[in-house]
Amino acid sequence: KGDGQDTILIRNSGESVFVIATVRISNHAPVFEPLNDLTLRVGESRELNVGATDPETNAVSLSAAVLPQFADFTDHEDGSGLLRFNPGANDVGTHRATLVAVDDGEPNLGASRTILITVFPAADLAIQKGASPDIVRPGSNVVYTLSVTNNGPSVADGVVVTDTLPSGVTFVSASTGCKATGGVVTC
């Protein structure tokens with residue numbers, strides 16, 4: 001498991017001899033620089049610099065053993081590399097990326113590091129507000145229409161729209177599912 005001394009018992013024809021053997025490990029596995037799990041939204045691109053060093057300063061090569069389909073990896077051939085992510089609408093969920101670092105020492109030793117990439121859905125909501133009629137006389141009603149559009153790429157669940165009425169306007173009624181409290185209409 002590492003450098004050190006151990007005592008070995010040798011028996012030959014009933015005679016026992018204890019021998020102290022010193023063992024020295026001449027190579028150690030590369031060590032990855034800290035690399036944290038990642039959280040992304042659909043359509044969000046991210047690049048992560050990755051690095052590993054060797055305790056004996058042996059050259060280190062990096063590779064990706066496991067990558068989700070929305071990721072790629074480039075080894076810079078100097079113990080560093082670049083992980084790129086660009087998840088799409090079908091990539092929502094948790095994925096694994098496993099990188100491997102191998103040194104050119106004797107013997108070749110390696111290490112691996114796995115991170116989790118969690119992809120959340122992303123909606124792109126747009127809202128438009130219109131009023132009818134354009135000109136209102138005191139005491140007349142005006143109808144405000146709010147239109148919400150989801151430009152994707154993901155479904156928008158649990159959307160709540162709030163609109164503050166202008167000063168001097170009194171709430172009269174709203175569509176089913178909407179309510180007004182203190183001059184704020186919520187649907």
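Computed from heavy atoms alone, side chains included, the values below leave out hydrogens, waters and symmetry copies.
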**Q** Parallel, tilted or perpendicular for His95 and Phe70, by the 30°/60° rule?
**A** perpendicular

**Q** Which value, rounded to the nearest 0.5 Å, describes the distance between Glu47 atom CD and Phe85 atom CZ?
**A** 10.5 Å

**Q** Please list all pairs meeting disulfide (SG to SG under 2.5 Å) that have one or both residues in residues 151-187, counting only residues at least two apart or in different chains.
**A** Cys178-Cys187

**Q** Could you tell me whether the side chain of Leu48 reaches within less than 4.5 Å of the side chain of Leu35, counting heavy atoms only?
**A** yes

**Q** Run the side-chain contact (heavy atoms from CB on, under 4.5 Å) test on Val50 and Leu82 for me, step by step, so that the C-alpha distance in whole Å, both residues' side-chain angles and the decisive distance to 0.1 Å come before the verdict.
**A** CA-CA 6 Å; Val50 178; Leu82 184 65; over 6 Å; no

**Q** Test side-chain contact (heavy atoms from CB on, under 4.5 Å) on Phe171 and Val185; report intermediate values, then the result.
**A** CA-CA 8 Å; Phe171 177 78; Val185 179; 3.9 Å; yes

**Q** Counting distance only, does the side-chain N/O of Glu56 pair as donor-acceptor with the main-chain N or O of His28 below 3.5 Å?
**A** yes

**Q** Counting distance only, does the side-chain N/O of Ser154 pair as donor-acceptor with the main-chain N or O of Ala122 below 3.5 Å?
**A** yes

**Q** On a heavy-atom basis, which atom in Asp54 and which in Pro30 lie closest, and how many Å separate them?
**A** OD1-N, 3.9 Å

**Q** Any side-chain heavy atom of Ser140 within less than 4.5 Å of one from Val142?
**A** no

**Q** Any side-chain heavy atom of Lys129 within less than 4.5 Å of one from Asp163?
**A** yes

**Q** Applying a strict under-4.5 Å side-chain criterion to I, L, V, M, F, W and Y, I'd like to know whether Val136 and Val143 cluster together.
**A** no

**Q** For a quick test of your reading: what N or O donor-acceptor pairs under 3.5 Å do the side chains of residues 71-78 make, sequence neighbours left out?
**A**
unit_1: Asp72; atom_1: OD1; unit_2: Arg84; atom_2: NH1; d: 2.3
unit_1: Thr74; atom_1: OG1; unit_2: Arg84; atom_2: NH1; d: 3.3
unit_1: Thr74; atom_1: OG1; unit_2: Arg84; atom_2: NH2; d: 3.4
unit_1: Asp75; atom_1: OD1; unit_2: Glu77; atom_2: N; d: 2.9
unit_1: Asp75; atom_1: OD2; unit_2: Leu62; atom_2: N; d: 3.3
unit_1: Asp78; atom_1: OD1; unit_2: Ser80; atom_2: N; d: 3.0
unit_1: Asp78; atom_1: OD1; unit_2: Ser80; atom_2: OG; d: 2.5

**Q** Working to the nearest 0.5 angstrom, can you tell me the gap between Asp37 CG and Thr118 OG1?
**A** 7.0 Å

**Q** Would you give the length of the straight line joining atom CZ of Arg113 to atom OG1 of Thr98, rounded to the nearest 0.5 angstrom?
**A** 9.5 Å

**Q** Would you say Asp91 and Gln69 make side-chain contact, with heavy atoms under 4.5 Å?
**A** yes

**Q** Identify the two heavy atoms, one from Val60 and one from Ala52, that lie closest to each other, and give their separation to 0.1 Å.
**A** CG1-CB, 4.1 Å

**Q** May I ask you to test the Thr94-Ile117 pair for a side-chain heavy-atom distance under 4.5 Å?
**A** no

**Q** Which pair of non-hydrogen atoms, one from Ala89 and one from Val42, has the smallest distance, and what is that distance?
**A** N-CG1, 3.5 Å

**Q** If you count the non-hydrogen atoms of other residues, nucleotides and ligands that lie under 6.0 Å from NZ in Lys179, is the total more than 12?
**A** no

**Q** Considering only heavy atoms from C-beta outward, does the side chain of Thr186 approach that of Val160 to under 4.5 Å?
**A** yes

**Q** Verify, without hydrogens or angle tests, whether Arg96 (side chain) and Val66 (backbone) share a donor-acceptor contact under 3.5 angstrom.
**A** no

**Q** Would you compute the distance between atom CG of Asp157 and atom CG of Asn150 and round it to the nearest 0.5 angstrom?
**A** 9.5 Å

**Q** Taking all heavy atoms of Val100 and all of Ala65, pick out the closest pair and write down the distance.
**A** CG2-CB, 3.9 Å

**Q** In terms of hydrophobic clustering (I, L, V, M, F, W, Y; side-chain heavy atoms under 4.5 Å; direct or indirect links), are Leu125 and Ile127 co-clustered?
**A** yes

**Q** Enumerate donor-acceptor pairs with a distance under 3.5 Å from any side-chain N or O in residues 102-111 to protein atoms, sequence neighbours excluded.
**A**
unit_1: Asp103; atom_1: OD1; unit_2: Asn27; atom_2: ND2; d: 3.3
unit_1: Asp103; atom_1: OD1; unit_2: Gly105; atom_2: N; d: 3.2
unit_1: Asp103; atom_1: OD1; unit_2: Leu109; atom_2: N; d: 2.9
unit_1: Asp103; atom_1: OD2; unit_2: Asn27; atom_2: ND2; d: 3.0
unit_1: Asp104; atom_1: OD1; unit_2: Ala59; atom_2: N; d: 3.0
unit_1: Asn108; atom_1: ND2; unit_2: Asp103; atom_2: O; d: 2.8
unit_1: Asn108; atom_1: ND2; unit_2: Gly105; atom_2: O; d: 3.4

**Q** For the residue pair Arg41 and Val119, establish whether any side-chain heavy-atom pair is separated by less than 4.5 Å.
**A** no

**Q** Side chains of Leu83 and Leu99: does their closest heavy-atom pair fall under 4.5 Å?
**A** yes

